[in-house]
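Notes for the one structure printed next.
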Amino acid sequence: MRFNDGRTWLEYFAAELRSWREYRKMSQLQLAKAINYSESAVGMVETARRKPKVDFVKRCDDALETGGALRRLLKELVERELIPDWLDRWRIIEEQATALNWFEALLVPGLLQTPDYARAVFEKSGQPASQDIEAQVRTRVERQQILERDEAPMFVAVVDEGVLHRAIGGPRVMRDQLLHLAALCEARSDIVVQVIPRDTGAYAGLAGPFVIATMDGDEFVYLDTALYGQVAESADDLAIVKRMWESLRAEALPRQASLNLIKKVAEEWK
């Protein structure tokens with residue numbers, strides 16, 4: 001991710017750290033001694049050649065008396081780095097949606113995932129080891145606040161039964177995840193999860209997950225791939241995906257039968 005002036009987030013953070021140090025009239029050596037790091041470590045961060053560690057930033061905050069400004073900045077920059085432009089656009093749509101219709105054949109929908117389940121997904125996603133898994137988990141959990149607001153969207157998910165049986169994170173994680181799904185569906189009339197039985201065979205949607213969002217009377221579709229997502233809003237694309245959605249709903253078990261199946265499989269994860 002780059003800012004409008006062409007800087008990376010590391011360069012942006014480096015400039016802020018340098019500004020605070022100069023404001024406090026400290027040299028790199030003086031700051032290094034104050035935080036018990038080497039002068040070269042300070043220099044590497046200030047020239048954007050090293051990603052700052054949380055401990056390093058905390059010590060800089062204390063030594064420079066920033067009131068935690070550098071830690072807050074780092075958190076914001078890292079989370080922005082995790083969200084590419086195309087996903088950022090979808091997040092805006094998602095946050096303002098009055099209805100979300102979500103299909104998944106392989107995983108529990110992101111807005112319904114427990115932190116442990118999400119963590120297991122990110123850990124096995126094949127992404128570079130440098131990615132901050134915990135920051136990704138926090139971002140996903142924060143997104144779930146969409147379903148907790150006063151005027152939450154009507155959320156309907158259709159999932160393949162295989163999602164209930166796939167061992168993401170192990171038995172305890174799966175049991176907790178399925179019980180979480182069941183609790184949400186029992187407590188909230190505006191959250192519905194329907195399951196397509198695994199003996200259904202071929203059906204519409206197996207090509208990949210999608211979400212249909214309704215916002216201000218308009219509809220948008222989010223299509224996910226292994227590399228990136230796509231927001232579609234053309235009439236032709238919408239018509240195709242909405243037809244698939246209706247077909248999926250027809251294949252899925254009714255709400256109560258789906259809930260019973262989710263609770264049954266949850267108890268099998270022991």
Side-chain angles (χ1 to χ4, degrees), residues 1 76 79-80 82-115 117-118 121-122 135-160 163 177 180-196 204-205 207-252 254-255 258-259 262:
M1 178 191 72
E76 180 180 348
E79 290 180 354
R80 287 185 61 181
L82 295 173
I83 304 175
D85 291 341
W86 52 265
L87 185 52
D88 193 40
R89 179 167 181 253
W90 175 251
R91 294 286 170 81
I92 294 172
I93 295 171
E94 187 180 68
E95 288 174 359
Q96 299 178 13
T98 56
L100 292 167
N101 295 330
W102 193 314
F103 169 69
E104 286 280 357
L106 300 176
L107 298 169
V108 170
L111 292 185
L112 304 180
Q113 291 178 4
T114 64
Y117 185 98
V121 171
F122 288 129
Q136 291 178 308
V137 173
R138 286 195 302 272
T139 299
R140 176 150 297 180
V141 172
E142 288 170 1
R143 280 176 60 204
Q144 297 173 0
Q145 294 175 3
I146 294 168
L147 300 179
E148 299 172 4
R149 67 191 187 205
D150 291 339
E151 297 183 359
M154 182 67 195
F155 185 94
V156 180
V158 173
V159 301
D160 189 283
V163 170
Q177 174 63 77
H180 176 66
L181 282 183
L184 285 174
C185 293
E186 288 182 319
R188 301 273 299 276
S189 61
D190 56 355
I191 296 180
V192 178
V193 178
Q194 292 181 257
V195 181
I196 297 178
F210 63 82
V211 187
I212 304 172
T214 302
M215 183 182 71
D216 296 329
D218 294 323
E219 291 181 309
F220 303 85
V221 171
Y222 175 72
L223 305 170
D224 204 3
T225 71
L227 296 178
Y228 56 85
Q230 176 185 358
V231 180
E233 51 192 297
S234 74
D236 290 342
D237 290 340
L238 285 168
I240 292 171
V241 177
K242 288 177 70 175
R243 184 182 180 90
M244 292 171 60
W245 175 252
E246 294 304 322
S247 177
L248 291 167
R249 291 293 300 274
E251 296 286 1
R255 176 178 184 145
S258 295
L259 177 57
I262 291 170

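Nearest heavy-atom pair, Pro209 versus Glu104, reported as atom, atom and distance to 0.1 Å: CB-OE1, 3.6 Å. Contact detail for Val141 and Pro115: the closest heavy-atom pair is CG2-CG, 3.9 Å. Considering all non-hydrogen atoms of both residues, Ser258 and Gln194 come closest at OG-CA, 3.3 Å. Residue Leu248 comes nearest to Ala204 through the heavy atom pair CD2-O, 2.6 Å, listed as atom of the first residue, atom of the second, then distance. Summarising the geometry of Val159 relative to Pro109, their closest heavy-atom pair is CG1-CD, 3.9 Å, with the distance given to 0.1 Å. Across Ala118 and Arg140, no two heavy atoms sit closer than the pair CB-CD, 3.9 Å.
Note that the CG atom of Leu147 and the CD1 atom of Ile191 stand 5.0 Å from one another [nearest 0.5 Å]. Atom CG of Leu184 and atom CZ of Phe155 lie 9.5 Å apart (nearest 0.5 Å). Within the model, atoms SG of Cys185 and NE2 of His180 stand 9.5 Å from one another, a figure rounded to the nearest 0.5 Å. Atom-to-atom distance recorded for Leu100:CG and Met215:CE is 11.0 Å, nearest 0.5 angstrom. Rounding to the nearest 0.5 Å places CD1 of Ile212 at 9.0 Å from CE of Met244. To the nearest 0.5 Å, atom CD of residue Gln177 and atom CG of residue Leu112 are 7.5 Å apart.
Without hydrogens or angle criteria, Gln113 side chain to Val108 main chain gives a donor-acceptor distance under 3.5 Å.
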### Task
Could you walk me through whether Val211 and Glu94 pass the side-chain contact (heavy atoms from CB on, under 4.5 Å) test, one step at a time?
CA-CA 10 Å; Val211 187; Glu94 187 180 68; 6.0 Å; no

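Looking at Arg249 and Val156, their side chains come closer than 4.5 Å, going by heavy atoms from C-beta outward. In this structure, the side chains of Ile146 and Pro153 come closer than 4.5 Å at one or more pairs of heavy atoms. Between Leu223 and Asp237, the closest side-chain pair of non-hydrogen atoms is not below 4.5 Å. Proximity of Thr98 to Glu151: side-chain heavy atoms (C-beta onward) are nowhere separated by under 4.5 Å.
Residue pairs satisfying the salt bridge (charged side-chain N to carboxylate O under 4.0 Å, His left out) criterion with at least one member in residues 183-195, sequence neighbours excluded, are listed as follows: Glu186-Lys263, Arg188-Asp190.
Considering only residues two or more places apart in sequence or on other chains, Phe103 meets the ring pair (Phe, Tyr, Trp, His ring centres under 6.0 Å) condition with Phe210.
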